[in-house]
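Here's the structure, in structure tokens; my notes come after.
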Amino acid sequence: MLLEEIMQRPVWTIAPAARLDEAYRLMRRHNVRHLPVVEGERLVGIVTDRDVRALTRPGSGVFGGGTPVHRAMTPDPITAGPRDPVEEAARLMRRRKVGCLPVLDGGRLAGIVTVTDLLDALAHLTGLEKPGSRLVVRVDDAPGRLAHLTSLVADQGINLLSVLTYTEPATAYVRIILRLAALDPHPAAALLRREGFDVVWPPAP
């Protein structure tokens with residue numbers, strides 16, 4: 001999945017010379033927490049609800065409502081491209097500890113991706129939007145194990161909504177998480193146990 005599939009567009013923006021109280025009203029009106037700051041067509045910064053939160057508590061903030069946005073914004077924000085993979089964007093946001101990524105296409109602002117957008121993408125990628133069940137299998141990290149596992153499930157006429165894997169810390173084992181298009185995972189789990197697989201979930205009866 002690419003960022004162009006999940007990014008928000010069009011993007012609400014604000015000018016660097018605008019006032020912070022204008023930014024606050026714009027965020028409230030459109031229910032957003034981040035505003036890219038643009039000068040002409042050039043992205044010059046980003047201002048967040050945290051930057052203007054003092055406006056909701058008169059007298060308690062550093063900035064007054066008439067302060068220009070450029071004094072509160074983060075200049076030269078981290079950006080991404082529309083063809084960047086979702087997982088790379090998530091890794092970048094986590095590493096740089098930012099809550100959004102403006103998406104630039106040819107130097108122009110094309111969209112914006114937030115943590116909420118990434119969570120929605122995760123739900124879509126894992127098949128959580130469709131009814132089904134979850135099956136977790138622990139296997140040794142060897143070629144062919146995943147293919148054998150999924151072929152056994154397919155032989156039972158069960159569709160797979162998603163397949164995720166991760167390596168157990170400090171072990172040579174991998175956990176495979178199957179999202180099944182079946183409400184009851186127990187028949188598939190019983191079959192896999194008979195074939196010698198270590199089924200972690202659902203537990204054996």
Original post:
Hey, what do you get for CG (D21) to CG (L26), rounding to the nearest 0.5 Å?
Top reply: 11.5 Å

Original post:
How far does CG of L2 sit from CD of E87, to the nearest 0.5 angstrom?
Top reply: 8.5 Å

Original post:
Does the side chain to side chain contact (heavy atoms under 4.5 Å, CB included) test come out yes or no for V37 and H70, once each step is laid out?
Top reply: CA-CA 8 Å; V37 183; H70 70 81; 5.9 Å; no

Subject >> ILVMFWY cluster, V139 and V136 together (side-chain gap under 4.5 Å) >> reply: no

Subject >> Heavy-atom side-chain proximity of M7 to D117 below 4.5 angstrom >> reply: no

Original post:
Would you say V47 and L109 are hydrophobically clustered, going by side-chain heavy atoms of ILVMFWY under 4.5 Å?
Top reply: no

Original post:
L149 versus L178: any side-chain heavy-atom pair under 4.5 Å?
Top reply: yes

Subject >> Reported OH-to-CD distance for the pair Y173 and E168, which is rounded to 0.5 angstrom >> reply: 8.5 Å

**OP:** State, yes or no, whether a side-chain contact exists between Q156 and L152 at a heavy-atom distance under 4.5 Å.
**Re:** no

Subject >> Expected output: side-chain D140 to main-chain A142 donor-acceptor under 3.5 Å >> reply: no

Subject >> Pairing residues for W12 by the ring pair (Phe, Tyr, Trp, His ring centres under 6.0 Å) criterion, not counting sequence neighbours >> reply: H30

Original post:
Does the pair R33 and T114 meet the rule for a side chain to side chain contact (heavy atoms under 4.5 Å, CB included), with working shown?
Top reply: CA-CA 9 Å; R33 297 175 54 200; T114 69; over 6 Å; no

Original post:
Which atom names give the shortest non-hydrogen contact between A181 and I158, and what distance separates them?
Top reply: N-CG2, 4.4 Å

**OP:** Following the transitive rule for hydrophobic clusters with a side-chain heavy-atom cut-off under 4.5 Å over Ile, Leu, Val, Met, Phe, Trp and Tyr, establish whether V163 and V153 coincide in one cluster.
**Re:** yes

Original post:
How far apart are the closest heavy atoms of T48 and M27, and which atoms are they?
Top reply: C-CE, 3.5 Å

Subject >> Result of checking D51, V44, I46 against M73 for side-chain contact (heavy atoms from CB on, under 4.5 Å) >> reply: V44

Subject >> V86 to A121 - nearest heavy-atom pair and separation >> reply: CG1-CB, 4.2 Å

Subject >> Side chains of L101 and I78 in contact at under 4.5 Å (non-hydrogen atoms) >> reply: yes

Original post:
Which pair of non-hydrogen atoms, one from R179 and one from K130, has the smallest distance, and what is that distance?
Top reply: NH2-O, 3.4 Å

Original post:
Among the clusters formed by ILVMFWY side chains lying less than 4.5 Å apart, do V113 and V115 turn up in the same one?
Top reply: yes

Subject >> H124, NE2 atom: more than 12 neighbouring heavy atoms under 6.0 Å >> reply: no

Subject >> Min side-chain heavy-atom separation L92-R95 under 4.5 Å >> reply: yes

Original post:
Can you get from M1 to L3 by hopping between Ile, Leu, Val, Met, Phe, Trp and Tyr side chains that sit under 4.5 Å apart?
Top reply: yes

Original post:
Ion pair present between E88 and R91, side-chain N to carboxylate O less than 4.0 angstrom?
Top reply: yes

Original post:
Are any of the side-chain heavy atoms of L20 and V69 separated by less than 4.5 Å?
Top reply: yes

**OP:** Determine yes or no for a side-chain-to-main-chain donor-acceptor pair under 3.5 angstrom, with R193 supplying the side chain and V199 the backbone.
**Re:** yes

**OP:** Applying side chain to side chain contact (heavy atoms under 4.5 Å, CB included), run through L192 and L135 and close with a yes or a no.
**Re:** CA-CA 10 Å; L192 295 178; L135 196 150; 3.7 Å; yes

Subject >> Nearest non-hydrogen partners of W201 and R134, listed with the distance >> reply: CD1-O, 3.4 Å

**OP:** Would you mind reporting whether L160 and L180 have side-chain heavy atoms less than 4.5 Å apart?
**Re:** yes

**OP:** Working to the nearest 0.5 Å, report the span between OH of Y166 and CD1 of I176.
**Re:** 11.0 Å

**OP:** Return yes when atom CG of D155 has more than 12 non-hydrogen atoms of other residues, nucleotides or ligands closer than 6.0 Å, and no otherwise.
**Re:** yes

**OP:** Taking the side chain as every heavy atom from C-beta outward, state whether L183 and S133 have any pair of such atoms under 4.5 Å apart.
**Re:** no

Original post:
Which heavy atom of P77 sits nearest a heavy atom of G45, and at what distance?
Top reply: CD-CA, 3.6 Å

Original post:
Quick one: CZ on R145 to CZ on R138, what's the gap to the nearest 0.5 Å?
Top reply: 11.5 Å

**OP:** Kindly compute the distance separating CD1 (I112) from CG (L104), expressed to the nearest 0.5 Å.
**Re:** 10.5 Å

